[in-house]
2 protein chains.
Amino acid sequence: MKKIGIIGGLGPEATVDYYKEIINAYKAEDRALNYPEIILISVNMSNFLTLMDSKKFDEATTYLVDRIKRLHYAGADFAAITANTPHQVFDQVQAKSPIPLISIIEVTCDEAQKKGFKRCGLLGTAFTMNATFYSDVFRKRGIEVIMPCDNDKQIIHQKLFTEIELGIFRDDTRQILIKIIERMVKTNQIDSLILGCTELPLILAETSYAGIPILNTTKIHVKSIVDYCNSDL
Amino acid sequence: MKKIGIIGGLGPEATVDYYKEIINAYKAEDRALNYPEIILISVNMSNFLTLMDSKKFDEATTYLVDRIKRLHYAGADFAAITANTPHQVFDQVQAKSPIPLISIIEVTCDEAQKKGFKRCGLLGTAFTMNATFYSDVFRKRGIEVIMPCDNDKQIIHQKLFTEIELGIFRDDTRQILIKIIERMVKTNQIDSLILGCTELPLILAETSYAGIPILNTTKIHVKSIVDYCNSDL
């Protein structure tokens, strides 16, 4: 088994979800207690978001590359970042990384392609919904990525940073998010929905909403991490 | 804030508990999202327990020192091990560690002394209950540590490794553990009880059982980690 490197803390709720899901994958294989070594750096979320907010992308890249180098010093053979938002600078980070990185966007795109989706809705932070890093990857494989309208984007971002990232999961917030998905199905004819923030599956835990299938980016990313950990590559 | 180093995975359930409790401590202080950097190495539990089981204490020491050095390479300013069992070799590990370590035994003893306890019962793995690393530390401060009878030790160890370490929390197991505590109160006149395995507070979550107060080693350890992280020491 390769040593798994994880950049976490963006936010902590999803970090726990990744750790538990990786451990569970080995429990399910009946290899109880024989877990792979996981090296995690949980960063200061506030510091990183300040860089993203002020569009200091070079500094954000340096910040992530520094942590990945430190994961490597600590023995990690490869790494993954447990959040969608930092993938805005994924290509720059990967170019400077001493170890292979598994992109949440690439593996989600693999899954969308395998399932034959053509028009994927995308919910995430404003950073993710206002950027093109999802649509750039998906467009190359002939898949359109559709964002919510501006008003809905604002609602989602606000709910993420005042509740969900803090581990507060309210039923009325869940209903608001489901209404947004219903609007996107009706207005934009999306055939599937990407939960493009690794905290969103903690409040939207079903495999379909508004009659369309959900791409749970945490679950897809964890499966890729475990497969790579176990592989002879 | 100092960078926190954590040796986890012994077992994974308690590791999640530590991580969440550390993060929660900062939420409670209204410093939302401004979390300290946490560097965690989650080890292969099966490998480590094999060393302990075959009494290869020098190898177990080397195993832990290697991980602590790697935490240090990754930037940790100090470290803690999220389990009681490995504290059997704590003194040897500390002697070779490049960074300060916070002993779960020492901080639990501080707490017992502060509360004026004189006869503490101890539940933990067989490794912990059959060793003297708890009683050695507590005796120096005039506190006796009392173990369950041999039959009860076997029951606790078996429940830990077939259920609790795997995240299985059954109500009948909880009742068996409470019966053991009741027997210790009656037979040994203990005035308090140490949950000397960081998974035990996940199944025994109350602050008292059988009429005596509980020392939750996870909670006590996390508080010390957070205090040291925030201190100017």
With a 4.5 angstrom heavy-atom cut-off, is it the side chain or the backbone of A:Pro12 that approaches chain B, or both, or neither?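 Backbone plus side chain of A:Pro12, per the 4.5 Å heavy-atom cut-off to chain B.
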
Using heavy-atom distances under 4.5 Å, tell me whether A:Lys69 contacts chain B through its side chain, its backbone, both, or neither.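 Neither the backbone nor the side chain of A:Lys69 comes within 4.5 Å of chain B.
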
Winner by heavy-atom pair count (cut-off under 4.5 Å) against chain B, out of A:Ala74, A:Gly8, A:Ala76: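 Result: the option with the highest number of such pairs is A:Ala74.
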
For the atom pair [atom1] ([X]) and [atom2] ([Y]), what is the distance rounded to the nearest 0.5 Å?
| X | Y | atom1 | atom2 | value |
| --- | --- | --- | --- | --- |
| B:Lys27 | A:Ile168 | NZ | CD1 | 7.5 Å |
| B:Leu40 | A:Ile41 | CG | CD1 | 10.5 Å |
| A:Ile39 | B:Leu71 | CD1 | CG | 9.0 Å |
| A:Lys3 | B:Arg70 | NZ | CZ | 5.5 Å |
| A:Ile23 | B:Leu166 | CD1 | CG | 11.0 Å |

Among the options B:His72, B:Glu165, B:Arg67, B:Lys20, pick out the one with the most heavy-atom pairs lying under 4.5 Å from chain A.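 The candidate making the most pairs under 4.5 Å is B:Arg67.
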
Heavy-atom count check: over 12 atoms from other residues, nucleotides or ligands less than 6.0 Å from B:Lys2 NZ?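 More than 12 within 6.0 Å, yes.
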
If you count the non-hydrogen atoms of other residues, nucleotides and ligands that lie under 6.0 Å from NZ in A:Lys219, is the total more than 12?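 Check fails, neighbour count at 12 or below.
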
Are the side chain of A:Asn44 and the backbone of B:Tyr35 linked by a donor-acceptor contact shorter than 3.5 Å?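 It does hold such a pair.
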
Can you list the residues of residues 57-66 of chain B that sit under 4.5 Å from chain A, counting heavy atoms only?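 When heavy atoms of chain A are the reference, residues 57-66 of chain B contributes B:Tyr63 within the under-4.5 Å range.
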
Closest approach of B:Tyr19 to A:Ser42 (non-hydrogen atoms, all atoms of both residues):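 It is OH-OG, 2.7 Å.
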
In chain order, what residues pass the ring pair (Phe, Tyr, Trp, His ring centres under 6.0 Å) check against A:Tyr209, with sequence neighbours excluded?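 By the ring pair (Phe, Tyr, Trp, His ring centres under 6.0 Å) rule, A:Tyr209 matches no residue at all.
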
